[in-house]
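Everything on this sheet refers to the single structure shown next.
The figures that follow rest on heavy atoms only: side chains count, while hydrogens, waters and symmetry mates do not. Start at 1 and go down the list; that is how both ligands and their atoms are numbered.
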Amino acid sequence: MSARLLLIGPPGAGKGTQATRLSDALGVPAISTGDIFRMHLRNETELGLKAKAFMDAGDNVPDSLTNDLVRDRLSQPDAAGGFLLDGYPRTIDQVRALDEFLAEHGASMDAVVELVAEPDVVVERLKKRALDQGRADDDEAVVRHRLEVYAQQTAPLIGVYAERGLLAKVDGIGEIAEVTERIESALAARGILFTA
Ligand code: ADP
């Protein structure tokens, strides 16, 4: 079915893992701005070179670059019937840009899933990921900074979407499959059904 969803939550809450599983079940593309930026870094594109210093420091890439990137991605044919955004929007300006894009296409969001996880838990998870995957921004000091950036710039978005009646809060602690089930039932309660 068509669904326009977004996953919001601190770094390490498990957004990427859940986004992949949900997008398979829903048949809509999972779009992770973090993954797209990392691909640009690897390929040393102009955008990658511009984004690198921000990403290494754990800061948000400037809104202008990020909004253009997402506008291009959401304009691809596979996103016309729906999408699951992971890691975007993360600032009020990005919410405004997404609203504008959707309005231009006569579309709107169906639900926003907040994955809730305590800072102590996510720091531990990201320490482990640093060992497994060697992501430069999983260094502990950078992780702490990413959590601050999340608290300052992204957490306020939760209130915005709650006011719009779109927010579903889901506990992100537990087995991966268990968390997926929680999200699926929170979405089902909003009429977003999984056929797979
Ligand atoms: P996490 O959610 O675990 O912090 P991501 O993979 O979503 O990891 O993001 C990694 C980095 O990519 C961020 O710290 C930031 O520098 C950049 N980034 C990703 N998405 C955005 C966005 N929507 N706006 C600005 N920067 C972003």
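A side-chain donor-acceptor contact under 3.5 Å links Lys15 to the backbone of Gly9.
By the 4.0 Å N-to-carboxylate-O rule, Asp99 lies close enough to Arg164 to be salt-bridged with it.
Listed by chain and number, the residues in a side-chain hydrogen bond (donor to acceptor under 3.5 Å, both in side chains) with Arg4 amount to none (sequence neighbours excluded).
Among protein residues, Pro11, Gly12, Lys15, Thr33, Gly34, Phe37, Arg38, Met55, Asp59, Asn60, Val61, Thr66, Gly87, Tyr88, Arg90, Gln94, Arg129, Arg135, Asp137, Arg146 come within 4.0 Å of ligand 1, judged on heavy atoms.
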Side chain to side chain donor-acceptor pair (under 3.5 Å) between Gln133 and Asp138, intermediate numbers included
CA-CA 9 Å; Gln133 299 179 10; Asp138 282 342; over 6 Å; no
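Side chains of Gln153 and Arg90 form no contact here, defined as non-hydrogen atoms less than 4.5 Å apart.
The environment of CD in Glu178 is crowded: more than 12 heavy-atom neighbours from other residues, nucleotides or ligands sit within 6.0 Å.
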